[in-house]
**Q** 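Before anything else, here's the structure in question.
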There are 2 protein chains.
Amino acid sequence: MPRSTRQARHAAAAAHRPVRLQDIADSLGVSMITVSRALSQPHKVSPALRERIVAAADRMGYVPNHSAQALASARSRTVLVQVPSLSNIVFIDLLESVGRVLQTAGYHMLICNTHYRGAGDWERVRNYLKHKPDGLLLTGSHLAEQAATLASSLALPVVFMMAGLDDPVTQAPELAEFVGFSQVQAGRAMTEHLLAQGHRRIAFVGAQLDVRVLQRHQGYLQAMAQAGAEPLEIMDERPSSMAMGASLLTRLRQRHADCTAVFFCNDDLALGALSQCHALGVRVPHDMAVAGFNDLPAAAFAVPTLTSVHTPRARVGERAAQRLLRLMDGEAPLAQPVHDLGFELRVRASA
Amino acid sequence: MPRSTRQARHAAAAAHRPVRLQDIADSLGVSMITVSRALSQPHKVSPALRERIVAAADRMGYVPNHSAQALASARSRTVLVQVPSLSNIVFIDLLESVGRVLQTAGYHMLICNTHYRGAGDWERVRNYLKHKPDGLLLTGSHLAEQAATLASSLALPVVFMMAGLDDPVTQAPELAEFVGFSQVQAGRAMTEHLLAQGHRRIAFVGAQLDVRVLQRHQGYLQAMAQAGAEPLEIMDERPSSMAMGASLLTRLRQRHADCTAVFFCNDDLALGALSQCHALGVRVPHDMAVAGFNDLPAAAFAVPTLTSVHTPRARVGERAAQRLLRLMDGEAPLAQPVHDLGFELRVRASA
DNA sequence: CTGAAAGCGCTAACAC
DNA sequence: GTGTTAGCGCTTTCAG
């Protein structure tokens, strides 16, 4: 930092130095610790004094110093929440509900966006550990192994969201639980729905091939195999988007002209495809049935309305946060640490 | 905390106590401060020693304690970012780009979701000040006044996002800048476009009436007044959504049957309305022209494609973060502290 | 280039 | 119910 800056900063600080506990204590002629208690453990201070202290703190504009609190108490009241992306509404809903629960409990949320880096995810998460979170909320079981080494050595509770239902995680941390639903079963259920409609030439189209997409794909394969139908797939690693859905639909029509139904790994792709069908004059579902996954708000308003799998994102976040709060409170993990919140097929006009 | 819990925690901590600078120093027979410097100001330590220290830190699994760093250095390397909602993609895009810039610069982001509380927003923000952020990124000028008192007394730099272009903020903090575009002008431009198409009976439909929506409405009113057209409005305080758009469209048709064009305050409403038009057999744009605002990805894929105003959200976040970094670095605010990043009309099929 | 001393603001533990 | 003492892990002086 340049010299002049430091001086300026110092001058400002000197002019308006933040109020500390000691300042309040001095102004009232009591000890600092009493002020501390009055503010954070009110029942330990006599009502009369407590009131005077709270009033003084208010008047003087006291703002606690979180770093000092965390350092002295060895509790940061902070939870590290990892998500692979902010562009996917699934994770936004997760963050929203997690945030609500944690906020109510007086915890703050540190968000780590790993940008779908896959293998590099852990490095990102690691970078946030310096904040000494009291607990971890992770999406995706691919972090389980590393989290295990870390969390068990630090005795840090972890809850995995949207994971652990399909691949019973062997390397999981001791203080861990899992909240989600079975992506495999969900993929399977949708495929079975399409089969039940009489379709045999059913394609699976995936993009942004992360763990969850591959699991849905597995479910698709299982259902197709069981029905003795030949799988038709288009898998593209590039990020998912409506534009991508439109272009994949075109590719699908070229590559598998006889295909009568398509199961997209998410609604963004499906919605883009729906739009492309309209543009190409492909009638949905008459010429081609289209299904998605996640049940975005837009699915029910598409033309035609989109058949999809509704996933309990908000409830996953809520439950995960609630469980983590208990674990951070010292409770032992449940004997059955896997919470299956299920999913629902939403059959609409497109398939 | 129950007694047993505390003991368990303590036992675990004793077993695997986190590595401190002192531990590394001891293992190498140097002083703690040298280790500190080797890790955070490498140029101040001889290359040979530095290398040994870094290796040891790595081997021992050292993780710095952010609270201790912040407390000792009086810099938290944390930025408080306030958004009114996570359900609105506008703010997600903002967070995404802000996050990218800050992460690169080694800052962490503390997200404060104020849930469109309006007047209560400041209380929420206040609650995060205990983390002693080095800077503030706020959305909405309604926080300017309170931020001014606070920030100037704390010498905290602030950048306002999506604000300050319409209502020259008088009470702004000294160390403040503004990044956004004129919502009023944007609302006006869209209305003028509809007027230019020959429409006279143009309605404005708003929901979730926050500052920005009201500003767009102002622009609409200005354009209508200038054209000598009578304004038709439906304003609903409830949260915005596609479902709400559908129901507001119905209400509009009932209340103003002769209306030929409608300007929705955002794309969510407009997309829901488009769907409802389809359901009601209202041909767009023939029977009714429909326009939105924000240019969501879905706008270009709607049927028919949706005319909207494209807003530079990602660029706003990026610029705001960049400017805040400079301010936190001690630079003086620009003489012209208002950054107008403009907007673009995206004329498509619906209007 | 390296080190010693002091202290950031707060809370845990133990008095009284 | 209130106070005293000590220390959390690190960085900032200021010395050499």
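In what follows, chains are A, B, ... by sequence order, proteins preceding strands, each numbered from 1. When reading the values below, keep in mind they use all heavy atoms of this one structure, side chains included, and skip hydrogens, waters and symmetry mates. The shown structure was predicted, so the numbers you read here are calculated from the model rather than taken from an experiment.
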**Q** Send over the distance from D23(B) CG to dC8(D) C1', rounded to a whole Å.
**A** 14 Å
**Q** If you define the side chain from C-beta out and look only at heavy atoms, does anything of Q82(A) sit under 4.5 Å from T114(A)?
**A** yes
**Q** Assess whether a salt bridge exists between R100(A) and E318(A), defined as any Lys/Arg side-chain N lying under 4.0 Å from an Asp/Glu carboxylate O.
**A** yes
**Q** Tell me whether the OP1 or OP2 atom of dG3(C) has a side-chain N or O from T34(B) closer than 4.0 Å.
**A** yes
**Q** Strictly below 4.0 Å: does S46(A) bring a side-chain N or O up to OP1 or OP2 of dG1(D)?
**A** no
**Q** Taking 4.0 Å as the cut-off, does a side-chain nitrogen or oxygen of Y62(B) come that near to OP1 or OP2 on dG9(D)?
**A** no
**Q** Let me know the distance between CG of L21(A) and C1' of dG3(D), rounded to the nearest Å.
**A** 15 Å
**Q** For L49(B) and Q22(A), take the nucleotide of DNA chain C holding the closest heavy atom to each; which residue's nucleotide lies nearer the 5' end?
**A** L49(B)
**Q** Would you mind reading off the distance between I53(B) atom CD1 and dC1(C) atom C1', rounded to a whole angstrom?
**A** 12 Å
**Q** With the side chain of A72(B) defined as its heavy atoms from C-beta on, choose the nearest nucleotide among dG7(C), dT12(D), dG3(C).
**A** dG7(C)
**Q** Taking only the side-chain nitrogens and oxygens of Q69(A), find out if one of them lies under 4.0 Å from OP1 or OP2 of dC10(C).
**A** no
**Q** Between dT11(C) atom C1' and Q41(A) atom CD, what is the distance in whole Å?
**A** 9 Å
**Q** What is the distance from CD1 of I33(A) to C1' of dG1(D), rounded to the nearest Å?
**A** 13 Å
**Q** Distance alone, cut at 3.5 Å: any donor-acceptor contact between the side chains of D26(B) and Q22(B)?
**A** yes
**Q** So, OP1 or OP2 of dC8(C): does either fall under 4.0 Å of a side-chain N or O from S67(A)?
**A** no
**Q** The side chain of L71(A) is closest to which nucleotide in this list: dG9(D), dC10(C), dA4(C)?
**A** dG9(D)
**Q** Taking R50(A) as the fixed residue, which of V35(A), V45(A), T34(A) is the one that meets the side chain to side chain contact (heavy atoms under 4.5 Å, CB included) rule?
**A** V45(A)
**Q** Can you tell me the distance, in whole Å, between the CE atom of M32(B) and the C1' atom of dT11(D)?
**A** 8 Å
**Q** If you compare every side-chain N and O of R17(B) against the phosphate oxygens of dG9(D) (OP1, OP2), does one of them come in below 4.0 Å?
**A** yes
**Q** With hydrogens left out and only the distance checked, is there a donor-acceptor pair under 3.5 Å joining R37(B)'s side chain and the base of dG3(C)?
**A** yes
**Q** Is S31(A) near enough to dT2(D) that one of its side-chain N or O atoms lies under 4.0 angstrom from OP1 or OP2?
**A** no
**Q** Over 60° means perpendicular and under 30° means parallel, so classify the ring planes of H108(A) and H131(B), tilted if in between.
**A** perpendicular
**Q** Separation of N65(B) atom CG from dC10(C) atom C1', in whole Å?
**A** 14 Å
**Q** Expressed as a whole number of angstroms, how long is the span from D26(A):CG to dG9(C):C1'?
**A** 14 Å
**Q** Can you tell which of dT2(C), dC10(D), dT11(D) lies closest to the side chain of R20(B)?
**A** dC10(D)
**Q** Ignoring the backbone of V45(B), work out which of dT11(C), dT2(C), dT11(D) is nearest its side chain.
**A** dT2(C)
**Q** Answer yes or no: is there an ion pair linking R20(B) with D23(B), defined by an N-O contact shorter than 4.0 Å?
**A** yes
